[in-house]
Q: 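What follows is a structure written as structure tokens; I'll ask about it next.
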Amino acid sequence: MFNSLLQIAAVLDAWLHRNFGRPYMAMLGVGLVLGLGDNLSGLSRDLASKGATSKILVVAVFQVALLINQLAQFHEYRQLRLEHRAQRAAAKAARRGVVAGAPQTSETSEEA
């Protein structure tokens, strides 16, 4: 059952990445930052109770780890988009007969 849940989550995550891309990643990142901020503000309120403080710290550390993971995934997503964009540009240039990276100058020569 747990494996099925993981597979469904992976399929849903891939679908959300494909269909929403940056807004999906931004929403996750903003949600994590807001949750972390809420926990840290709750930490100042709950300093009187030692048990609550340690619980909030554990949750905050977990949320920081999730935020780091989210930023790493966003970086990977961004790199893939840049690679795809470069591949599309190279394919477009190849269709035009332009060699990628070669300067596009006219073949005129000056006579002295």
Side-chain angles (χ1 to χ4, degrees):
M1 182 173 164
F2 187 67
N3 285 335
S4 297
L5 181 62
L6 291 177
Q7 289 174 346
I8 291 169
V11 169
L12 180 59
D13 184 58
W15 183 84
L16 288 167
H17 274 285
R18 238 185 353 267
N19 292 300
F20 295 104
R22 289 183 195 163
Y24 171 63
M25 297 295 289
M27 180 189 68
L28 292 175
V30 167
L32 285 171
V33 169
L34 290 175
L36 182 60
D38 184 51
N39 277 339
L40 292 177
S41 68
L43 179 65
S44 63
R45 285 177 284 169
D46 296 334
L47 280 176
S49 172
K50 190 170 188 162
T53 302
S54 61
K55 179 183 173 186
I56 290 174
L57 284 175
V58 168
V59 170
V61 167
F62 180 70
Q63 286 184 331
V64 167
L66 286 174
L67 182 59
I68 290 168
N69 177 267
Q70 188 64 39
L71 291 173
Q73 286 182 5
F74 183 69
H75 174 73
E76 290 173 12
Y77 174 76
R78 201 169 152 245
Q79 290 301 110
L80 284 174
R81 287 190 51 91
L82 291 174
E83 288 173 14
H84 288 223
R85 188 177 297 159
Q87 289 172 355
R88 283 193 309 266
K92 188 175 182 180
R95 284 192 303 270
R96 291 183 182 172
V98 176
V99 177
Q104 297 179 3
T105 60
S106 62
E107 296 277 331
T108 58
S109 63
E110 286 186 40
E111 293 185 25

Q: Enter the distance from K92:NZ to Q87:CD here, rounded to the nearest 0.5 Å.
A: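 Here the rounded value is 15.5 Å.
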
Q: What's in the same ILVMFWY side-chain cluster as I8, cut-off under 4.5 Å, chained through other members?
A: none

Q: Please round to the nearest 0.5 Å and tell me the distance separating atom CG of L32 and atom CD of Q63.
A: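 Taking CG in L32 and CD in Q63, the distance rounds to 6.5 Å.
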
Q: What residues form a side chain to side chain contact (heavy atoms under 4.5 Å, CB included) with H17, not counting sequence neighbours?
A: D13, Y24, M25, Y77

Q: Among side-chain atoms of N3 and Q7, is any donor-acceptor pair under 3.5 angstrom?
A: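 On atom types as modelled, these side chains do not qualify, holding no pair under 3.5 Å.
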
Q: If you group Ile, Leu, Val, Met, Phe, Trp and Tyr by side-chain heavy-atom gaps below 4.5 Å, do V61 and I68 land in one group?
A: no

Q: With sequence neighbours left out, what residues match F62 under side chain to side chain contact (heavy atoms under 4.5 Å, CB included)?
A: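 For F62, the residues satisfying side chain to side chain contact (heavy atoms under 4.5 Å, CB included) (neighbours in sequence not counted) are L66.
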
Q: Backbone N or O of W15 within a donor-acceptor pair of the N19 side chain at under 3.5 Å?
A: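 Looks like yes, one N/O pair under 3.5 Å.
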
Q: Using the test ring pair (Phe, Tyr, Trp, His ring centres under 6.0 Å), find all partners of F74 that sit at least two apart in sequence or belong to another chain.
A: none

Q: Run through the side-chain heavy atoms of Ile, Leu, Val, Met, Phe, Trp and Tyr, join any pair under 4.5 Å, and report what else lands in L34's cluster.
A: V30

Q: Which residues satisfy the side chain to side chain contact (heavy atoms under 4.5 Å, CB included) test with R85, sequence neighbours excluded?
A: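 In terms of side chain to side chain contact (heavy atoms under 4.5 Å, CB included), with neighbours along the sequence ignored, R85 is linked to R22, R81, L82, R88.
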
